[in-house]
Every structure is written in C-alpha cells, then in structure tokens.
Undergrad: 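Following this message is one structure expressed as structure tokens.
Chain A is the first sequence line, chain B the second, and so forth, proteins listed ahead of strands; every chain is numbered from 1. Nothing here was measured: the structure is a model prediction, and the numbers come from that model.
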Amino acid sequence: MLTVQPISDDGPVAKNPPQSNDPAGSEDVLKVTGRSVERYNPRVEEPRWQKAWDDARCFVVQPDDTRKPYYVLEMFPYPSGRIHMGHVRNYTMGDVLARYMRAKGHNVLHPMGWDAFGLPAENAAMQNKVHPKGWTYANIAAMKKQLKSIGLAIDWTREIATCDVAYYARQQQLFLDFLRVGLVDRKKSKVNWDPVDMTVLANEQVIDGRGWRSGAVVEQRELTQWFLKVSDYSEELLTALDTLDRWPEKVRVMQRNWIGRSEGLRLFFEVVPGEQTAATSIEVFTTRPDTIFGASFIAISADHPLAAELAAGNPELAGFIAETHRHGTATETIDKAEKLGRFTGLHVKHPVRPGATLPVYIANFVLMDYGTGAIFGCPAHDQRDLDFARRYGLPVIPVVLPETGDPDSFEIGDEAYTGPGRIYHSDFLDGLEIEAAKRAIAAHFGVRTVDGHPQGTVEVNYRLRDWGISRQRYWGCPIPVIHCEVCGTLPVPDKDLPVVLPEDVSFDRPGNPLDHHPTWKHVACPRCGGRATRETDTMDTFVDSSWYFARFTAPNAETPTIPAIANAWLPVDQYIGGVEHAILHLLYSRFFTRAMKKAGHLNLDEPFRGLFTQGMVVHETYRDAAGEWLSPADVVVTGGDVRSARHAKTGAAVDIGSIEKMSKSKKNVVDPDEIVATYGADTARWFMLSDSPPERDVQWTEAGIEGASRFLQRIWKLVADFLDREAEGPTAGATDDAGVADLRRSVHRTVANVGSEIEGLRFNRAVAQIYELANAIGRFSQATATAISPAQLAALREAVERLVQVVAPMMPHLAETCWAALGRSGLVIDAPWPEVDPALLLDSTVVIPVQVNGKRRGEITVPVGAPSDLVEKQALSLEAVARMLDGRSPRKLVIVPDRIVNVVV
RNA sequence: GCGGGCGUGAUGGAAUGGUAGACAUACGGGACUUAAAAUCCCGAGGGUGUAUACCCGUGCGGGUUCGAGUCCCGCCGCCCGCACCA
C-alpha cells in the first residue's frame, strides 16, 4: 500500500554513527538553578513504558467494551523490509488520534497489517534466489520490530498479512460470492507483452516502450481476464461522493473526474452503399452532438471490430494497427503519442448534410474501452480532432460562435474553440445555445431510424471501466476457478477452498511459475471428474487492500467478516494515508464495500467516514564531484546564510541539490532505526508532527530533529524544576497571586485548542499551542523565582500536569515518565482528557486594530462585546486616526464587533 | 496529453475576507562558564530614518471589496495521479 522502493542488493542504508553529540545516551547532568536534574533518557524510558502498556493490554480491544467505538486506521504498509520516515509520519498521526480518542473515553480500534502480496517479492526471488514467502515474512518481522519501537498504540493481536492463507482463503470466498451475485465478468483486455521474456509487464516495468529487463519493444496483447464489475456502480459511486463530507474535496474531485460521467448521444452513421465492408453503419458516442454540422471525419479505434475486418485485406491498415499496438497500455503513453491515423477507404453519409459524406479513419487516440470505440471528428471544437484534421488536411468548419465573435470573420487557428456560444452554419440549429442545440439534435435523430433502430439515442456514459483483476504472477491470491474442456469455467467448490499457493516454485524461467509448476494446476473437474486445469492467474493486490479494514473487525473469523461485528465498527472513523491512493485504492474499497453488502458480508456502503491524506517526507539531496548521490549520514552541512557541505570522512566538497521525496535511488533517506536509537521515538514522533501541515510535505532536517529533542528535554526539565519548587513549598509570607489567572487561562485555552486541533488533524498547530504553553510556564516560573505563594504553586502544578497530558498523545513515553514523577498514580494513557473551564476561555477585554482606508494605524483596547458607539468614539480619538482625518469627518465607518475598525476617509 | 494540488521572511510554517509573518529552525548579540556544550534572555521581512513615523511586501498581471495571503479571471513555476508499482 504505502509505496516503498524495493530493497536493493546493498541492503539497508549504511549505519554510520550519528555525527551529532548523542543527546539520548549521555550521562551528563543538567544544572537547573542550582539543583541537578538528570537528562531524560529515552533508551531506558521508552522500552519500559512500551512493556507497561503491553502488560496492561492497553490497546487490545475487548469484545464486551461498552464505550463508544472509534475506528482509526492508517493505510497498511507494503513489507519492503524496513520502515521509512513516511511510515513514521503516517502511523504517528493515526496514533495521536487513537490515543486522544482513548483519553476522550472511546473504545478505540487501531489495528495493523501487511499488504504482503506483490511484485517486489517476485523480483527479490529472481534477483536474490529467495522465496517470496520467506522474503516477505522476514520483512514483516523486521518492520514489526521497528514499528513497535516507535510506541504505537496498536492492537497487535489483530495483525493480518494478506499473504496469510487465513486471509486470502476468505478473499477467495468473497470472489466466489461476487461470482454468484453477478459481479464478476470474464472478458478480453490488453496487457503489456514482453516478446523476449515472454511475460506480461506491469506499466512500471515498461520504460520508454521497452521491457525493463529484456529491453525488447513492448507489444499490446489481448488476454482473457477476470473483471469485477465496478461499472455496475458508476452512478452510485459518483453520487455517494456527496455524502463523504469528511473527505478532502480534492480527492472527491479526482474520483468524480475518474468516474467521468458524461451525457451524450449514441449515433449511427450509415455506411455509403457499395463500400468494401459488411458493415452497414458505424455507431459513435459523442458528448457534442450540437457540433454535428461541423463534422469532417469519423475515427474508429484500432481495436474496433471494423478495423480488424478492413485490415484483413489491407496490409497498410494492418501495419498501422500493429504499429499502434507497439505502445504500452498506459493511458498516459496513449495520450502523449502523436495523433495518427489511416484512411480506411470507407465513407459514411453525413447525417444532416444531404449528399455529403465523411471519410472513416482508424486513429490511435480513439479508445475501444470508452463509448463505442468510434467518434465523429469536429475539428473546430475539439483539440485532438483539430490536430488530426490539420495533419491529414481535413476541413475545419466552425459551428459554435463565441458571444463576441463575428460570423463572417471567425476562424479557427491552432486552437479549437471549446467555450460557450451560439450555433451557426448549422441549418435548423442556427441561433441556439449549446445545450438547447444538444436537445434539438437529439430529438431530430430520435425519430429517424438507421438499420431499424433510432439513429440517435441519449445516453449516459462513464469513463470508469470494469476492474481487471487478473495478474499473470505467482505472489498473489489464486483465483479460485477451474477450467474444464467439457464443462467450461467452474468455481472451485467451497469444500475445496482455499486454493493454496504451492511453495515449490522456481523463478529461473520467464512466465508465471504457477503456469509451469509440474502438478499444481492439474485437477479433476468438479463437475464431470475429467481432466481440468486451475486458473493460474492471481488477483491484483488492490483486491487484498479493498477489504482488510473489514477483516480487522474479526481477524480470525471463518467467514470473511462477522457482519454484526463489522457493522458495529465500520465505517472507519478516520482513515489516514497517502494521496497517491486518492483514486484507485479508495474507489475499489468503496466498490468492495457495496459488493460485500450485496453478498451479505456487510451492511453499509461507504467504508471510510473520515479520510485524511498526508504529505510525503522529503530531504535535501547531496552529490559528490563525480555526480554520485550521497547519503545524509555521510555529509556534514555547515553555515547559515550560505550553506555548504562536505563529505564526513574525506572532507571533499559536496553539492547540495534539490529537496526530494526520500528514495533509495537518490540516497536522501534517513533511517528511523538510527533516529530512534539516537533521539528516541518521542523525538521522532514530535518532529514528524511539528511545523509542516500534515497534508503537505515535510522536510527532514538535522536542525529540526535537534529542535524536537531539545523541546523534549525542556519539558522534562520543566517537570523536574517544578517538583523541586513543590518540595521546597511556598515561600514564607508570600501572598502575591500575580499571574495565576493568566497562567490558568493559558492552560485551559491550550487544553481546549490542542483537543480541537487533534480532532481536525492539524497537528502542527497543536504543537505550536504546546510550545506557547511551555513558554508561558517558563515565564511564570521565572516571575515567581524569588517568592511563590500557595496559589501560584497550585497553578503551576495544574499547568505542568496539563502540559504533560496534552503532550501525551504525541510523546507518550515522556508523558508517562513525567506523570509518574508528578506522583500521579496509574498511566497517563488511562487518564481522561482534562476538563476545560469555559469561564477561563474568555477574556474580559480585547485589542482591536483600527484601520484608516484599510491600513492599520493603531489599536484600541475595549471590553469584549463593547457597543459600537464606544468603539467608534475610542477609535476616532486615536491620534493617528485624527491626523489622517485632518479635520474631515469619515466617509464611512466599518465596525466589526471585537475584530476590527476601518475608517474610510 | 488529461485530472488534481501547491507557491508567504534565511528556512518549515501561522493567519472564520479583518493587526501578514503566531510557533519553531537557522542566524546575530548578551548572561552563566576557566572554556566549550547545554540552558536562559534579547534582536530581527525589505527600505528611508536618531526617533516618532512613513513607504514597499504573501510566485507574476489584472479584478471584486471599506478591507484580499484568503474570493474571481489570466499567466509562470514546482509536485502528485493516470487503471498491471503499492
């Protein structure tokens, strides 16, 4: 799920000793105003509290818990072998929310699993002669250890890996259920074929049109494959987006565009009688029937049945079709390719210009998957059609006139006109607006017939295609189907499930190991008992990740879910992951939820009530004089305004490059293990939450992590310092309670604000609030350094305790140590989120800026809710305002209560 | 190519249409120290200026508004997704 570069031969990043002085491990003693405090040592404290939480089974969800359920889930990781900082960021965010919701009294489900099938395991198998299973489970073990070291509040008893037989067995049940309820289809579709390796390639394995391993030019090939009928739900998946009000708007927009609903006309063009084809008509789909009078050609897809028919007797056409197939299947490559076509020799009748005909082309930009696989081209009002028309010298007839256009002089240059306007040059459509013309032309074609059916029918079309789930690979969930030459394609009977992957496979031959396994695929037909073969395709790994969130609610059930339990937990209250999954994973999960509902495994439509997409972790890049990438661990950066870098060992000058997503290839990675070992998990967590808004990229810097570490020690010192003050007791005779009210206001405001910021996942703002409280406590301590009254001491204890509590979701280990030091019994994780006194959130006076003509000229202090006339009087009496008025009276006075005054002169 | 996003001091960023730069980092100065580290305090968007103060300033160009970082239109730059990477 979370994208990770596959582990390469050189293994994990070199483990260099950290260059910084060692903040966690040093035994030095901190001098605090004459007393001594030991530095907080995460290496001792973190394992200790992790064990304490484990022993108390804090995060294990109990079935009889009556508290309100709250399900927080982060996208589960692909087990690449090591976690990276992106994982730390992702899981820390979810963890903060989980811990906070727990403190707010919820029964929190926060599980973890592994998106464990997929291509990298097979690549590793081929490169390093390791078995995908062994490789995957070893990676899981390593990553689990790393995740545990960052102190996540996870119910590990629910851990699942999608490559566990127990998991994919239920996925096979789901597949067969979907088959039963009619959501599975089998049809042809295209794949990237490597003619040298004789294997199917993923899009990412096609580089510049060539196979990544063989370098051979990739071809498109048709294979019969399994599909899930996502398109049955096109309309519903679209309209239900409106109900997802806790999803980012940008994700909903992307999904809306992906589904791509368009209303248009399905339109038949009659083939001119006597042409060299059996076809009597060509059916096109268009969203712009209003431009029909501007039509100048017909284009059909290279995969259109008519194209195949015509190519049979025409080597040039056959060559062109073969040429278009010599590109990858990715939409991007198809879109970017030059718009090319070949005239087929056929003509069709122009449907509204009597006597006129249109030439029929085969074109490389017409997709068979969309609409009818054929279009009419109106070059004046579609850019692709225009490019095509200019190349092949076809007429360009404008039929939509912009409001400001002149009908006699309006011409189309290099850019098609796609804006609004009125139809002209179009006979009975002349003068109509675009939408009115669409209705008129639909009515016109609706009553005419071609080949016995209406010439035109209004139709809704979707860009969304069915989901092809067949993969010609080993490391995936076997599709539980048997092919019998006599009985056809049959589901594996329930009693024979699961279909288990064989382990004795070899990767030294090209192609799918399941296919050339000596025995695995040969079985008796479940119906006739004759010789039959298993389906050797496995499922797309997106299938695995489309229902794991449901499986977590009953991870050991014999059935895919236990509906009553799943319905109680789902939908996921807050789902957190990368924006790279905005379309496919999330759309497939939404489909799966509906499909599981139809099959009786769930009773809901939408799997994720709240969605949050977090940004990446990025880092500067470094290169030496030879242009080789260098790891940050090997580089020492110096200087402030003019930064420069040298190699840590050789001292050679190093170029500081751009800031990019952490990746193995550019070596700009920071290893979480090293960070945890050096600074501790709390510091890493804190830094990942600080500064950058969570939806945006965060830049990893040495200074940033150092700063986080300093703040952690500062909190510990605040607590230790306070304990010393408390041990000494109030100063004899001190009765001055100055600052108490301010401090308490600051404390209560912080508690309230941190809570609402965490609920909104605005962790950076929560962090800033906590800094401000720490500053306020520091100032208060300073002010009371010589004498402290009992009330001041009490306020200080309240402040320090609340500080520890608001810090607890983010730096949980530190918080536990502080809580214990403060003499509070129990774990801070079990302490309820502190109550806020609403009276302390209100100020009695407010400072209002006073503007003259929108520019700030001064400010006034007035009671909260002060009436306008008082505000006006004070504002106008300001010297700066009087000067600007220069004796005149204001033209206008804008007074926004408690916010601002603007004097317009 | 299509779709989506982002752009504010040296840096990360804050700012229901209402004091732009909270908070932090880096930097400079000071205190403490034999010294350093650590810690604490102070300074700081740019410009003119002793200062009061004034002018300019949120990628660029327009617009709406009493008031625009925020809303609208048009650009520029960077990033992400595009159905077999996960």
Side-chain angles (χ1 to χ4, degrees), chain A residues 1-6 21 23 28 30-33 39 75 77-78 80 115 118-120 191-192 200-206 250-251 253-254 256-258 260 329-337 339 365 369 383-384 464-465 467-473 540-542 545 578-585 587-588 616 618 639-643 658 660-661 690-693 695-699 701 703-704 706-708 710-711 713-714 717 764-765 767-772 775 778 782 847-851 853-856 858-859 880 891-894 896 899-904:
Chain A
M1 177 75 39
L2 287 172
T3 311
V4 187
Q5 301 280 328
N21 58 343
D28 57 336
L30 203 63
K31 284 219 169 92
V32 183
T33 55
R39 291 181 70 90
M75 291 179 183
Y78 179 79
S80 59
D115 190 16
L119 214 42
V191 295
N192 299 308
V200 175
L201 299 178
N203 282 336
E204 72 156 12
Q205 295 174 318
V206 180
K250 62 172 173 177
V251 174
V253 169
M254 281 191 259
R256 214 168 271 137
N257 289 328
W258 186 258
T329 57
T331 318
E332 188 187 352
T333 21
I334 295 165
D335 278 355
K336 276 187 182 166
K339 311 286 173 281
F365 61 93
D369 292 320
Q383 192 60 47
R384 285 177 309 182
L464 181 65
R465 310 199 295 253
W467 175 14
I469 60 160
S470 291
R471 298 291 181 272
Q472 295 69 37
R473 309 192 196 292
D540 178 8
T541 57
F542 269 124
S545 55
V579 70
E580 65 271 22
H581 295 294
I583 298 175
L584 294 181
H585 162 62
L587 193 68
Y588 292 151
M616 299 180 299
V618 297
D641 286 356
V642 188
R643 300 172 72 246
S658 58
E660 300 193 44
K661 176 179 179 172
S690 311
D691 291 354
S692 281
E695 69 277 9
R696 233 186 277 178
D697 292 351
V698 61
Q699 189 187 346
T701 61
E706 292 279 358
R710 268 202 298 278
F711 185 64
Q713 295 295 348
R714 193 171 143 213
K717 210 187 77 156
N764 58 320
R765 304 207 305 203
V767 163
Q769 294 276 337
I770 292 171
Y771 274 117
E772 289 194 54
N775 290 343
Q782 205 93 49
V847 177
I848 301 179
V850 178
Q851 301 178 327
N853 290 338
K855 269 191 198 303
R856 181 183 173 278
E859 58 188 32
R891 194 157 63 92
K892 187 174 174 184
L893 203 59
V894 181
V896 183
R899 293 231 60 126
I900 204 161
V901 177
N902 191 8
V903 183
V904 186

Undergrad: Of all the choices, B:rA24, B:rC84, B:rG67, which nucleotide is nearest to the side chain of A:Arg471 once you look at every atom?
TA: B:rC84

Undergrad: Watson-Crick or G-U wobble partner for B:rU65, using a 3.5 Å limit on both distances?
TA: none

Undergrad: What integer number of Å spans the P atoms of B:rG9 and B:rC60?
TA: 10 Å

Undergrad: Mind checking A:Val698 for me? I need base, sugar-phosphate or nothing, with any heavy atom below 4.0 Å counting as a touch.
TA: nothing

Undergrad: Name the nucleic acid region contacted by A:Gln851, choosing base, sugar-phosphate or nothing; use a 4.0 angstrom heavy-atom cut-off, strictly under.
TA: base

Undergrad: What are the two closest non-hydrogen atoms of A:Tyr78 and A:Gly118, and how far apart are they?
TA: OH-O, 4.2 Å

Undergrad: Of the non-hydrogen atoms in A:Arg473 and A:Val200, which two are nearest, and what is the gap between them?
TA: NH1-O, 3.7 Å

Undergrad: With rounding to whole Å, what would you report as the distance between B:rG13 and B:rG57 at their P atoms?
TA: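 Looking at atom P only, B:rG13 and B:rG57 are 24 Å apart.
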
Undergrad: A:Asn853 and A:Arg891: side-chain donor and acceptor closer than 3.5 Å?
TA: no

Undergrad: Would you classify A:Ala330 as touching base, sugar-phosphate or nothing, given that sugar-phosphate means primed atoms plus P, OP1 and OP2, and contacts are heavy atoms under 4.0 Å?
TA: sugar-phosphate

Undergrad: Would you mind classifying the nucleic acid contact of A:Phe365 as base, sugar-phosphate or nothing, using non-hydrogen atoms under 4.0 angstrom?
TA: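 Counting heavy atoms under 4.0 Å across all strands, no contact is made by A:Phe365.
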
Undergrad: Check every atom of B:rC82, B:rG4, B:rA22 against the side chain of A:Val253 and return the nucleotide holding the closest atom.
TA: B:rG4

Undergrad: When the C1' atoms of B:rA44 and B:rA22 are considered, how many whole Å apart are they?
TA: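 The same atom, C1', in both gives a distance of 15 Å.
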
Undergrad: B:rU48 pairs with which nucleotide, Watson-Crick or G-U wobble, both distances below 3.5 Å?
TA: B:rA53

Undergrad: Now, which nucleotide makes the Watson-Crick or G-U wobble pair with B:rA38, with each of the two distances under 3.5 Å?
TA: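 Answer to the pairing question: none, since B:rA38 forms no Watson-Crick or G-U pair.
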
Undergrad: How far, in whole Å, is B:rU58 from B:rC71 if one measures between their C1' atoms?
TA: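 These two C1' atoms come out 15 Å apart once rounded.
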
Undergrad: Does B:rU25 have OP1 or OP2 under 4.0 Å away from a side-chain N or O of A:Arg710?
TA: yes

Undergrad: Tell me which nucleotide among B:rA38, B:rC84, B:rC85 gets nearest to the side chain of A:Arg39.
TA: B:rA38

Undergrad: Is any side-chain nitrogen or oxygen of A:Asn902 closer than 4.0 Å to OP1 or OP2 of B:rU65?
TA: no

Undergrad: Who does B:rG1 pair with, Watson-Crick or G-U, both distances under 3.5 Å?
TA: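 For B:rG1, the partner nucleotide comes out as B:rC82, under the 3.5 Å rule.
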
Undergrad: For B:rG9, does the glycosidic angle fall within 90° of 0 (syn) or outside that (anti)?
TA: syn

Undergrad: Of all the choices, B:rU19, B:rC66, B:rG4, which nucleotide is nearest to the side chain of A:Lys892 once you look at every atom?
TA: B:rC66

Undergrad: If you measure from the C1' atom in B:rU19 to the same atom in B:rU70, how many Å do you get, rounded?
TA: 16 Å

Undergrad: Applying a 4.0 Å non-hydrogen cut-off, can you work out what A:Ala703 is touching in the nucleic acid: base, sugar-phosphate, or nothing?
TA: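 Result for A:Ala703 = sugar-phosphate.
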
Undergrad: Once you apply a heavy-atom cut-off of 4.0 Å, does A:Thr701 come out as touching a base, just sugar-phosphate, or nothing?
TA: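 It contacts nothing in the nucleic acid.
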
Undergrad: Hey, which sits more toward the 5' end of RNA chain B by its nearest nucleotide, A:Asp697 or A:Asp540?
TA: A:Asp697

Undergrad: The side chain of A:Pro693 lies closest to which of these nucleotides: B:rG13, B:rG4, B:rC84?
TA: B:rG13

Undergrad: Measure the distance from NZ on A:Lys250 to P on B:rC82 and round it to the nearest whole Å.
TA: 15 Å

Undergrad: Using the C1' atom as the point on both nucleotides, what is the distance between B:rA26 and B:rU34, in whole Å?
TA: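 Pairwise C1' distance, B:rU34 against B:rA26, rounds to 29 Å.
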
Undergrad: Using atom CD of A:Glu695 as one end and atom P of B:rG7 as the other, report the distance to the nearest whole Å.
TA: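 Roughly 10 Å, once rounded to whole Å.
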
Undergrad: Please find the pair of heavy atoms, one from A:Gly578 and one from A:Met75, that lie closest to each other, and give the distance.
TA: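 For A:Gly578 and A:Met75, the tightest heavy-atom pair comes out as N-SD, 3.7 Å.
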
Undergrad: Which nucleotide sits closest to the side chain of A:Arg856: B:rA20, B:rA86, B:rC84?
TA: B:rA20

Undergrad: Please name the nucleotide paired to B:rG12 by Watson-Crick or G-U wobble geometry with both distances under 3.5 Å, or report none.
TA: B:rC23

Undergrad: Need one value for A:Gly260: base, sugar-phosphate or nothing, where a base atom within 4.0 Å counts as base even if backbone is also close, heavy atoms only.
TA: nothing

Undergrad: Looking for any heavy atom pair under 4.0 Å, which part of the strands does A:Thr541 touch: base, sugar-phosphate only, or nothing?
TA: sugar-phosphate

Undergrad: How many Å lie between CZ on A:Arg256 and C1' on B:rG4, as a whole number?
TA: 13 Å

Undergrad: Using heavy-atom distances to pick each residue's nearest nucleotide on RNA chain B, tell me which of A:Ser690 and A:Val847 is more 5'.
TA: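 Of the two residues, A:Ser690 wins.
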
Undergrad: Ignoring hydrogens, what is the shortest heavy-atom contact between A:Val847 and A:Pro849? Give both atom names and the distance.
TA: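 Taking A:Val847 first and A:Pro849 second, the nearest heavy atoms are O-CD, 3.9 Å.
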
Undergrad: Quick one: is B:rA38 close enough that its OP1 or OP2 comes under 4.0 Å of any side-chain N or O from A:Arg714?
TA: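 For B:rA38, OP1/OP2 do not have a side-chain N/O of A:Arg714 under 4.0 Å.
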
Undergrad: As a test of reading the structure: which of B:rG7, B:rA86, B:rA83 is closest to the side chain of A:Arg696, going by heavy atoms?
TA: B:rG7

Undergrad: Is the base of B:rC84 touched by the side chain of A:Arg473 through a donor-acceptor pair closer than 3.5 angstrom?
TA: yes

Undergrad: Checking all strands, does A:Lys336 fall into the base, sugar-phosphate, or nothing category for heavy-atom contacts under 4.0 angstrom?
TA: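 Touches a base.
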
Undergrad: State, to 0.1 Å, how close A:Asn192 and A:Thr329 come at their nearest heavy-atom pair, and which atoms those are.
TA: OD1-N, 2.8 Å

Undergrad: Relative to the ring of A:Tyr771, is the ring of A:Phe711 parallel (under 30°), tilted (30 to 60°) or perpendicular (over 60°)?
TA: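 The rings of A:Phe711 and A:Tyr771 sit tilted, inter-plane angle from 30° to 60°.
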
Undergrad: Could you grab the distance from atom CG of A:Leu119 to atom CD of A:Glu204, nearest 0.5 Å is fine?
TA: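 So the CG of A:Leu119 and the CD of A:Glu204 are separated by 6.0 Å.
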
Undergrad: Parallel, tilted or perpendicular: which one describes the rings of A:His585 and A:Phe542, with boundaries at 30° and 60°?
TA: parallel

Undergrad: Does A:Asn257 make a side-chain donor-acceptor contact with the base of B:rG3, cut-off 3.5 Å?
TA: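 Between B:rG3 and A:Asn257, which were checked side chain against base, a qualifying N/O pair under 3.5 Å is absent.
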
Undergrad: Rounded to whole Å, how long is the line connecting atom CD of A:Glu580 with atom P of B:rC80?
TA: 11 Å

Undergrad: With heavy atoms under 4.0 Å as the rule, sort A:Leu464 into base, sugar-phosphate or nothing.
TA: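 Since a base atom lies under 4.0 Å of A:Leu464, the category is base.
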
Undergrad: If you check every side-chain atom of A:Asp335, which of B:rC85, B:rA83, B:rG1 has the closest atom?
TA: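 In terms of side-chain proximity for A:Asp335, the closest of B:rC85, B:rA83, B:rG1 is B:rG1.
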
Undergrad: Applying a 4.0 Å non-hydrogen cut-off, can you work out what A:Val896 is touching in the nucleic acid: base, sugar-phosphate, or nothing?
TA: base

Undergrad: Below the 4.0 Å mark, does B:rG12 have OP1 or OP2 next to a side-chain nitrogen or oxygen of A:Asn764?
TA: no

Undergrad: For B:rG21 and B:rA31, measure between their P atoms and round to the nearest Å.
TA: 31 Å

Undergrad: Can you tell me which nucleotide in B:rG81, B:rU39, B:rC23 comes closest to the side chain of A:Ile583?
TA: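 Of all the options, the side chain of A:Ile583 is nearest to B:rG81.
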
Undergrad: So A:Gln769, base contact, sugar-phosphate only, or nothing? Heavy-atom distance under 4.0 Å.
TA: nothing

Undergrad: Regarding A:Val894, tell me which of base, sugar-phosphate or nothing describes its non-hydrogen contacts under 4.0 Å with the strands shown.
TA: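 Base, at least one base atom sits under 4.0 Å.
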
Undergrad: Between B:rC23, B:rU25, B:rA83, which nucleotide has the shortest distance from any of its atoms to the side chain of A:Leu584?
TA: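 The nucleotide sitting nearest to the side chain is B:rA83.
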
Undergrad: Looking only at heavy atoms, which two atoms of A:Ser690 and A:Asn764 are closest? And how far apart?
TA: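 Heavy-atom minimum between the residues: C-CB, 4.2 Å.
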
Undergrad: When the P atoms of B:rG63 and B:rG43 are compared, how many Å lie between them, rounded to an integer?
TA: 40 Å

Undergrad: Base, sugar-phosphate alone, or nothing: which one does A:Arg384 contact when heavy atoms must sit under 4.0 Å apart?
TA: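 Contact class for A:Arg384: none.
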
Undergrad: Decide yes or no, distance alone: a donor-acceptor N/O pair under 3.5 angstrom between the base of B:rC85 and the side-chain of A:Gln205.
TA: no

Undergrad: Are OP1 or OP2 of B:rG57 and a side-chain N or O of A:Lys855 less than 4.0 angstrom apart?
TA: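 No.
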
Undergrad: Record whether the side chain of A:Gln383 comes under 3.5 Å of the base of B:rG1 through a donor-acceptor pair of N or O atoms.
TA: no

